[in-house]
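Contents: one structure, followed by commentary.
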Amino acid sequence: MKQNNFSYEDLITCGKGELFGPGNAQLPKPPMLMFDRITNITETGGEYGKGGMTAELDINPDLWFFDCHFNEDPVMPGCLGVDAMWQLVGFYLGWLGGPGRGRALGSGQIKFTGQVLPTSKKVTYNISLSRVIARKLYMGIADATMEVDGKTIFEATNLRVGLFTDTSSF
């Protein structure tokens, strides 16, 4: 049975390239790792029944991005939330056993309706895979939401991540 949750230490192991094996999917290392744990991952969950996962990031005012975005108006950059969603889709593909290194390939619509401030407590990412292609191209397509303290503030459709065994021509 596959592991269905991952601690921060597990995520760091993935960032070092040790979780899925050399040359396979890995997460970025801090500070670009944008979640602290994966609380649930399943092949049959999510909105479409084709896989889903939930991850969390604990917010504290000392996080690196609050100091530089924006001056005297600290807020988490929206692009970091979207990157976290891509990171999670890539992690999912590695968890399935897909070979290669992950690369974000695009998205459908992205909608921002809120913000993460230093006073926030927790960000929750919910990923629902709508399609997994496991051929020469190994790719995941997913919809995702990002919540802060229980309120949905980001929505993304058709996030696309591929795994590549050769990235030299990418």
Side-chain angles (χ1 to χ4, degrees), residues 1-58 63-65 76-112 123-147 154-170:
M1 183 172 218
K2 289 183 180 176
Q3 183 174 342
N4 68 354
N5 58 64
F6 294 84
S7 67
Y8 184 76
E9 292 75 22
D10 295 328
L11 302 178
I12 296 301
T13 299
C14 184
K16 293 177 182 176
E18 298 170 356
L19 190 62
F20 302 126
N24 289 322
Q26 64 188 76
L27 290 167
K29 294 189 284 183
M32 283 304 297
L33 177 62
M34 294 310 302
F35 41 92
D36 295 321
R37 66 199 149 272
I38 295 173
T39 59
N40 187 42
I41 183 169
T42 175
E43 288 185 63
T44 58
E47 183 179 346
Y48 307 103
K50 297 183 179 188
M53 59 193 311
T54 302
E56 297 174 340
L57 171 67
D58 296 323
L63 287 170
W64 66 274
F65 46 78
M76 178 181 174
C79 60
L80 294 180
V82 175
D83 195 69
M85 295 174 191
W86 276 318
Q87 291 174 22
L88 287 162
V89 175
F91 183 93
Y92 183 84
L93 296 175
W95 178 78
L96 284 179
R101 296 173 182 202
R103 296 294 186 265
L105 298 175
S107 68
Q109 293 185 338
I110 297 173
K111 182 179 174 184
F112 300 110
V123 167
T124 304
Y125 303 97
N126 297 295
I127 310 295
S128 292
L129 277 291
S130 59
R131 187 167 181 205
V132 175
I133 300 167
R135 297 185 209 128
K136 182 179 179 184
L137 170 65
Y138 212 100
M139 183 170 77
I141 303 171
D143 292 346
T145 61
M146 180 177 146
E147 300 171 3
F154 294 3
E155 296 175 71
T157 62
N158 295 316
L159 293 166
R160 294 179 300 280
V161 175
L163 297 182
F164 296 86
T165 54
D166 179 6
T167 58
S168 63
S169 63
F170 190 83

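We number each residue from 1, following the sequence as shown.
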Review point. What distance do L163 atom CG and M139 atom CE have between them, rounded to the nearest 0.5 Å?
Key: 11.0 Å
Check your understanding: Going by heavy atoms in the side chains, are D143 and Y48 under 4.5 Å from each other?
Key -> yes
**Study point:** Shortest non-hydrogen contact from L159 toward S107
**Key:** CD2-CB, 3.7 Å
Please tabulate, one pair per line, all N/O donor-acceptor pairs under 3.5 Å involving side-chain atoms of residues 127-135, not counting sequence neighbours.
| residue | atom | partner | partner atom | Å |
| --- | --- | --- | --- | --- |
| S128 | OG | E47 | N | 3.0 |
| S130 | OG | I141 | O | 3.2 |

Point to revise | Minimum heavy-atom distance I110-A156, with the two atoms named | key: CG1-CB, 4.2 Å
Check your understanding: Between V89 and A142, which heavy-atom pair has the shortest distance, and what is it?
Key -> CG2-CB, 3.8 Å
**Study point:** Nearest heavy-atom neighbours spanning G140 and L93
**Key:** N-CD1, 3.6 Å
**Study point:** Distance-only side-chain donor-acceptor flag, S7 / D10, under 3.5 Å
**Key:** yes
**Study point:** Any side-chain heavy-atom pair of F91 and L19 under 4.5 Å
**Key:** yes
Check your understanding: Rounded to the nearest 0.5 Å, how far does CG of L57 lie from OH of Y8?
Key -> 10.0 Å
Revision key, fill the gap. d(K16 NZ, Q26 CD) to nearest 0.5 Å is 12.0 Å
Review point. Does R160 use its side chain to pair, donor to acceptor, with the backbone of N158 at less than 3.5 Å?
Key: yes
Exercise for review: Please tell me if the side chains of M85 and Y125 come closer than 4.5 Å, counting only heavy atoms from C-beta onward.
Suggested key: yes
Exercise for review: Can you see which heavy atom on Q87 is nearest to which on D83, and at what distance?
Suggested key: NE2-OD2, 2.6 Å
Review point. Is any side-chain heavy atom of M53 closer than 4.5 Å to a side-chain heavy atom of W95?
Key: no
Check your understanding: Does any non-hydrogen side-chain atom of L105 lie less than 4.5 Å from one of F164?
Key -> yes
Check your understanding: Is there a donor-acceptor pair closer than 3.5 Å between any side-chain N or O of T157 and the backbone N or O of Q109?
Key -> yes
Check your understanding: If we only count heavy atoms from C-beta on, is the N126 to T124 side-chain gap below 4.5 Å?
Key -> yes
Check your understanding: Side chains of V123 and M146: closer than 4.5 Å at any heavy-atom pair?
Key -> yes
Under 3.5 Å donor-acceptor pairs involving side-chain atoms of residues 30-41, not counting sequence neighbours:
| residue | atom | partner | partner atom | Å |
| --- | --- | --- | --- | --- |
| D36 | OD2 | D58 | N | 2.7 |
| R37 | NE | E56 | OE1 | 2.8 |
| R37 | NH1 | D58 | OD2 | 3.1 |
| R37 | NH2 | E56 | OE1 | 3.2 |
| R37 | NH2 | D58 | OD1 | 2.7 |
| R37 | NH2 | D58 | OD2 | 3.3 |
| T39 | OG1 | T54 | O | 3.3 |

Exercise for review: List the atom of C14, the atom of L27, and the distance in Å for their closest heavy-atom pair.
Suggested key: SG-N, 3.5 Å
Exercise for review: Would you check if W86 and V82 make a side-chain contact, meaning some heavy-atom pair closer than 4.5 Å?
Suggested key: yes
